[in-house]
Chemist: 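Quick one: the structure is below, questions incoming.
In each ligand, atom 1 is the first atom listed, and ligand 1 is the first ligand listed.
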Amino acid sequence: MHQSARDVKRAGKSIAFVPTMGFLHEGHLSLIREARRLADIVVVSMFVNPTQFGPGEDFEAYPRDPARDSELAENEDTDILFIPEKQDLYPPGYETYIIQENLPGHLCGISRPGHFTGVMTIVAKLFNIIKPHYAVFGEKDFQQLAVIRKMVSDLNFDVKIIGSPTVRETDGLAMSSRNKYLSSGQRSSALTLYRALCDAKEMTAKGETRADALIDAAVQTISAAPETSIDYVKICDPDTLEDVAVIDRPVLMGLAVKVGRTRLIDNTILQPGSRG
Ligand code: AMP
């Protein structure tokens, strides 16, 4: 990969990179299409990164289908598919990790300590290997995008980070490789995440400015569905991820919910409306 990246650069071509954990769906494919628009050469990586999973999380069970993934990526005109092995990226004796002080202390970082250190470390390693001009990330993982933007700025990576909108199923469920874990009953419960976000958008558009009221309504909607257990429902500043009490500017509403044993996340931007 180092050699290929060097050759591409020597030929004066640009590289757009899409990091994934594989088990590709339309959300991933939309990022690949965005990468295709941005640069001459599209590199997609597929690697289930062990350092971003905590003990008891689904690293072993995470769905994998490299043959299908390769076909899907090739259909989108991917130039280079990079599928490293765990021992290549984390050989015995590996001991270097990236820490960020504030952003990982919010939202998903609270219930997944160490997760964003794992994410930043693998992304930094992949940036060093692939040397992309652009890297495309989904807004579905809003905190991840924020953490990566901050890392790139703080550590002077020479790469432009592009955020890409969340792709949803026709009924609104945000696409995720983990949706595969859901039974059909759980799939219906999972829809309450999207419904809660839509309700909050509608309430703010109609003039509701109290974050508490919006959060209470979302908690009610989600907890009324079977097999749901809320990790968090938060309304926060999209840059700092600090809680916001009054919605007087665009804010992020983010939520994480376990449906059965599957942890799902989703988010939206709430725009303040005019009362009455
Ligand atoms: P993952 O394979 O889940 O680590 O995701 C790889 C990339 O795809 C990340 O940048 C995610 O934010 C992005 N992604 C995952 N699901 C979606 C979706 N439904 N819409 C847009 N991007 C997504």
Side-chain angles (χ1 to χ4, degrees), residues 16-38 42-54 57-59 61-66 68-70 72-73 76 78 81-84 89 103 107-109 112 115-127 130 132 134-152 159-182 187 190-191 193-194 197 238 252 254-257 262-269:
F17 170 45
V18 181
T20 81
M21 297 207 297
F23 211 71
L24 302 184
H25 51 65
E26 263 308 306
H28 298 115
L29 302 185
S30 73
L31 306 189
I32 299 177
R33 282 178 213 128
E34 178 64 22
R36 192 65 282 167
R37 284 189 283 276
L38 287 165
V42 171
V43 180
V44 175
S45 67
M46 298 196 294
F47 180 63
V48 184
N49 173 39
T51 64
Q52 71 189 69
F53 288 79
E57 291 188 350
D58 58 345
F59 173 68
Y62 197 84
R64 291 161 169 91
D65 192 346
R68 180 176 160 275
D69 285 344
S70 305
L72 288 171
E76 297 301 335
T78 299
L81 203 52
F82 181 49
I83 312 182
L89 292 184
L103 292 178
L107 308 178
C108 292
R112 304 188 74 190
H115 170 69
F116 289 108
T117 276
V119 168
M120 284 185 286
T121 302
I122 190 63
V123 169
K125 285 165 68 68
L126 292 169
F127 282 177
I130 293 161
Y134 303 91
V136 188
F137 291 83
E139 288 169 358
K140 179 185 163 255
D141 298 272
F142 193 95
Q143 187 174 16
Q144 169 171 280
L145 180 56
V147 165
I148 295 296
R149 282 191 198 284
K150 184 80 178 115
M151 175 190 83
V152 161
V159 55
K160 193 164 169 22
I161 302 300
I162 309 291
S164 198
T166 301
V167 176
R168 300 178 178 281
E169 304 285 356
T170 45
D171 60 6
L173 180 68
M175 289 195 184
S176 162
S177 307
R178 291 191 169 100
N179 291 349
K180 179 188 156 56
Y181 297 142
L182 302 170
R187 173 77 179 61
L191 259 188
L193 277 77
Y194 180 62
L197 293 174
L252 177 78
L255 34 87
V257 178
T262 305
R263 188 173 180 282
L264 301 175
I265 58 171
D266 204 346
N267 69 79
T268 195
I269 298 290

Chemist: How about Val147 and Val119: do any of their side-chain heavy atoms sit closer than 4.5 Å?
Modeler: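 Answer no - side chains too far apart.
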
Chemist: Is Arg168 reaching over with its side chain to a backbone N or O of Thr166, donor-acceptor style, under 3.5 angstrom?
Modeler: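 Side chain of Arg168 to backbone of Thr166, a donor-acceptor pair under 3.5 Å: no, none is there.
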
Chemist: Counting heavy atoms only, which part of His28 comes closer than 4.0 Å to ligand 1: side chain, backbone, both or neither?
Modeler: side chain

Chemist: Which atoms of ligand 1 have any heavy atom of Gln144 under 4.0 Å away?
Modeler: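 Every atom of ligand 1 under 4.0 Å from some heavy atom of Gln144: 9 (C), 10 (O).
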
Chemist: Note the single closest protein heavy atom to atom 21 (C) of ligand 1, along with its residue, its atom name and the distance in Å.
Modeler: Pro165 O, 3.5 Å

Chemist: For ligand 1, is any non-hydrogen atom under 4.0 Å from Leu31's backbone (N, CA, C, O), its side chain (CB onward), both, or neither?
Modeler: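 The side chain, only.
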
Chemist: Of all the non-hydrogen atoms in the protein, which one sits nearest to atom 12 (O) of ligand 1, and at what distance?
Modeler: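 I find the closest protein heavy atom is Asp141 OD2, 2.6 Å.
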
Chemist: Atoms of ligand 1 less than 4.0 Å from Gly27 heavy atoms?
Modeler: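 Near Gly27, the atoms of ligand 1 are 18 (C), 20 (N), 21 (C), 22 (N).
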
Chemist: Where the side chain of Ser177 meets the backbone of Phe23, is there a donor-acceptor pair that is under 3.5 Å apart?
Modeler: yes

Chemist: Ignoring hydrogens and angles, tell me if any N or O in the side chain of Asp69 forms a donor-acceptor pair with the backbone of Leu24 under 3.5 Å.
Modeler: yes

Chemist: So which protein heavy atom does atom 4 (O) of ligand 1 come closest to, and at what separation?
Modeler: Met21 CG, 3.5 Å

Chemist: Number the atoms of ligand 1 from 1 as they appear, then name those within less than 4.0 Å of a heavy atom of Pro19, with their elements.
Modeler: 6 (C), 7 (C)

Chemist: So, are Glu76 and Arg33 salt-bridged, with charged N and O less than 4.0 Å apart?
Modeler: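 Between Arg33 and Glu76 there is a salt bridge, with a charged N closer than 4.0 Å to a carboxylate O.
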
Chemist: What is the nearest protein non-hydrogen atom to atom 20 (N) of ligand 1, stated with its residue, atom name and distance?
Modeler: Val167 N, 2.8 Å

Chemist: Nearest heavy atom to atom 22 (N) of ligand 1 wins, so pick from Gly163, Gly138, Ser164, Ala135.
Modeler: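 Nearest heavy atom to atom 22 (N) of ligand 1 lies in Gly138.
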
Chemist: If the cut-off is 4.0 Å to any non-hydrogen atom of Met175, which atoms of ligand 1 fall inside it?
Modeler: 16 (N), 17 (C), 18 (C), 19 (N)

Chemist: Does His115 use its side chain to pair, donor to acceptor, with the backbone of Gln52 at less than 3.5 Å?
Modeler: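 Answer holds: yes.
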
Chemist: Is the side chain of Gln143 donor-acceptor paired with the backbone N or O of Cys108 at a distance under 3.5 Å, no angle test?
Modeler: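 Indeed, once roles are kept as given, a pair shorter than 3.5 Å links the two residues.
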
Chemist: Out of Glu26, Arg178, His25, whose heavy atom is nearest to atom 16 (N) of ligand 1?
Modeler: His25

Chemist: Which ligand 1 atoms does Lys140 reach within 4.0 Å, using its non-hydrogen atoms?
Modeler: 16 (N), 17 (C), 19 (N)

Chemist: Ion pair present between Asp65 and Lys180, side-chain N to carboxylate O less than 4.0 angstrom?
Modeler: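 Looking at Asp65 and Lys180, the cut-off is not met.
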
Chemist: Could you check whether Glu57 pairs with Arg112 (Lys NZ or Arg NE/NH1/NH2 to Asp/Glu carboxylate O, under 4.0 Å)?
Modeler: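 Looking at Glu57 and Arg112, the cut-off is met.
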
Chemist: Give the atoms of ligand 1, by number and element, whose distance to some non-hydrogen atom of Thr20 is under 4.0 Å.
Modeler: 2 (O), 6 (C)

Chemist: For atom 3 (O) of ligand 1, tell me which residue out of Phe23, Tyr62, Phe137 has the closest non-hydrogen atom.
Modeler: Tyr62

Chemist: With a 4.0 Å cut-off, would you call Asp58 and Arg263 a salt bridge?
Modeler: no

